[in-house]
Number of protein chains: 2
Amino acid sequence: MNSGRNAIDERRERLVEACRRAGIKVTPQRLEIFEEVARRDDHPDAAQVHREVRRRMPSVSMDTVYRTLWMLDDLGLIRAMGPGRGKTRFDANLSRHHHFVCVRCGFTRDFYSDELDRLTLPKTVAALGRAESSQIEVRGICKACASHDDAGT
Amino acid sequence: MNSGRNAIDERRERLVEACRRAGIKVTPQRLEIFEEVARRDDHPDAAQVHREVRRRMPSVSMDTVYRTLWMLDDLGLIRAMGPGRGKTRFDANLSRHHHFVCVRCGFTRDFYSDELDRLTLPKTVAALGRAESSQIEVRGICKACASHDDAGT
DNA sequence: CTATTTGCAAATAATTTGCAGTGCG
DNA sequence: CGCACTGCAAATTATTTGCAAATAG
């Protein structure tokens with residue numbers, strides 16, 4: 001239901017409209033870069049986006065990828081996530097969700113939970129600032145890394 | 001109670017013991033670097049740690065700071081955190097806690113909540129891997145940035 | 001003593017920026 | 001047609017590494 005074929009078109013519309021609002025141009029590079037992030041359910045870093053986008057549009061340069069990703073972040077169309085070690089990753093999932101992160105290999109995936117979405121923050125948080133959103137980060141070992149362990153032992 | 005003068009000594013003991021276990025040497029640089037991270041309740045990046053440690057031990061180099069921080073992370077004495085944009089930060093708070101992060105300036109502070117600590121993860125998480133820990137990340141605007149807004153408007 | 005560790009400086013990796021040509025609106 | 005946008009290459013910033021001298025155990 002969620003990943004219907006024309007969900008893509010829908011997202012493209014959202015991008016076009018957001019650009020209009022912000023008064024910036026809709027270029028094919030921006031469309032491709034946004035689509036690439038929106039298409040994936042992992043959370044690619046700039047280099048991964050660049051590599052994939054290049055397959056369809058070989059002239060796209062790394063700096064355009066960066067500029068576009070940060071711009072999409074500013075527009076609120078994607079979200080930059082803190083990296084594990086050195087790299088920033090980008091997340092196009094704007095619905096309420098949480099993250100599972102493998103501490104071994106960096107594998108990162110979304111998961112959902114109504115219960116977790118309902119959590120209430122303690123009042124001590126209000127003393128730190130105005131909360132806008134919250135999400136859980138679960139750290140652990142992903143299936144793939146766990147099976148390497150089995151093999152190794 | 002928590003920040004008593006000899007909580008420092010206690011931490012030092014913990015470091016010394018951890019080094020013994022791991023078979024690595026206890027050097028003054030390692031002590032200083034660990035103390036610096038452990039002393040603070042913000043989550044400094046490598047450059048900040050370096051700057052502070054230098055005041056007491058001017059010869060310490062940036063690369064020693066990095067090497068030591070990652071080693072402490074390996075030993076489980078501190079934890080590396082994904083930054084907002086480019087820099088890794090380090091957290092010496094090993095007790096169960098959560099983070100408030102200012103999306104504007106990067107200000108990051110811990111907060112605690114028994115209720116949040118008790119949250120249960122949905123079974124979908126198990127499909128992704130073995131969870132080892134979880135914490136909430138609250139994003140928002142910190143007091144300082146909010147007051148800049150007031151001034152600016 | 002002797003293997004580890006440090007500090008230095010140079011090497012990488014990640015990300016940003018200045019500029020001239022190109023294309024969206 | 002004009003200004004915003006791209007691609008290139010060079011600049012920055014963040015982090016890592018090789019090696020000789022220093023030092024913990």
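Since the structure is predicted, the reported quantities are computational estimates derived from the model, not experimental observations. Throughout, a chain's letter reflects where its sequence line sits, starting with A, and its residues are numbered from 1.
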* Reckon R30(B) has a side-chain N or O less than 4.0 Å from the OP1 or OP2 of dA24(D)? -> no
* Using atom CG of L31(A) as one end and atom P of dT6(D) as the other, report the distance to the nearest whole Å. => 11 Å
* Report yes if at least one side-chain N or O of Q29(B) is closer than 4.0 Å to OP1 or OP2 of dG7(C); otherwise report no. => yes
* Asked: Below 4.0 angstrom, N of the basic side chain to O of the carboxylate: do R130(A) and E132(A) qualify?
  -> no
* Asked: Does T64(B) put a side-chain nitrogen or oxygen below 4.0 Å from OP1 or OP2 of dT6(C)?
  -> no
* **Donor-acceptor side-chain pairing of R96(A) and S113(A) below 3.5 angstrom** => no
* With respect to the side chain of W70(B), which nucleotide from dT16(D), dC5(D), dT15(C) is positioned closest? -> dT16(D)
* Mark yes or no for a side-chain to base donor-acceptor pair under 3.5 Å between R20(B) and dG25(D), with no hydrogen or angle criteria applied. => no
* Whole angstrom is fine here: how far is it from CG in D74(A) over to P in dC5(D)? => 13 Å
* To do: Nearest-nucleotide wise, let me know which of A47(B) and P28(B) is further upstream toward the 5' end of DNA chain D.
  => A47(B)
* To do: Specify the residue among D45(B) and K25(B) whose closest nucleotide of DNA chain D lies further upstream toward the 5′ end.
  => D45(B)
* Provide, to the nearest angstrom, the distance between the NE2 atom belonging to H50(A) and the C1' atom belonging to dG7(D). => 10 Å
* Between dA9(D) atom P and D63(A) atom CG, what is the distance in whole Å? -> 11 Å
* **Proximity to the side chain of T88(B) - top-ranked nucleotide from dT5(C), dT15(D), dT15(C)** => dT15(D)
* Has T27(B) got a side-chain N or O lying under 4.0 Å from the OP1 or OP2 atom of dT5(C)? -> no
* Integer-rounded Å distance: dT16(D) P and L69(B) CG -> 10 Å
* Asked: Is there a donor-acceptor contact under 3.5 Å from the side chain of T108(A) to the main chain of G106(A)?
  -> yes
* **Donor-acceptor pair between H99(A) and D110(A) side chains, under 3.5 angstrom** => yes
* **Length of the OH-C1' vector between Y66(A) and dC8(D), whole Å** => 16 Å
* Taking the side chain of S59(B) as its heavy atoms from C-beta onward, which of dG7(C), dT15(D), dT15(C) lies nearest to it? -> dG7(C)
* Between dT6(D), dG7(D), dT6(C), which one does the side chain of S61(A) approach most closely? -> dG7(D)
* **Out of dG7(C), dC5(D), dT5(C), whichever nucleotide has its closest atom nearest the side chain of R67(B)** => dG7(C)
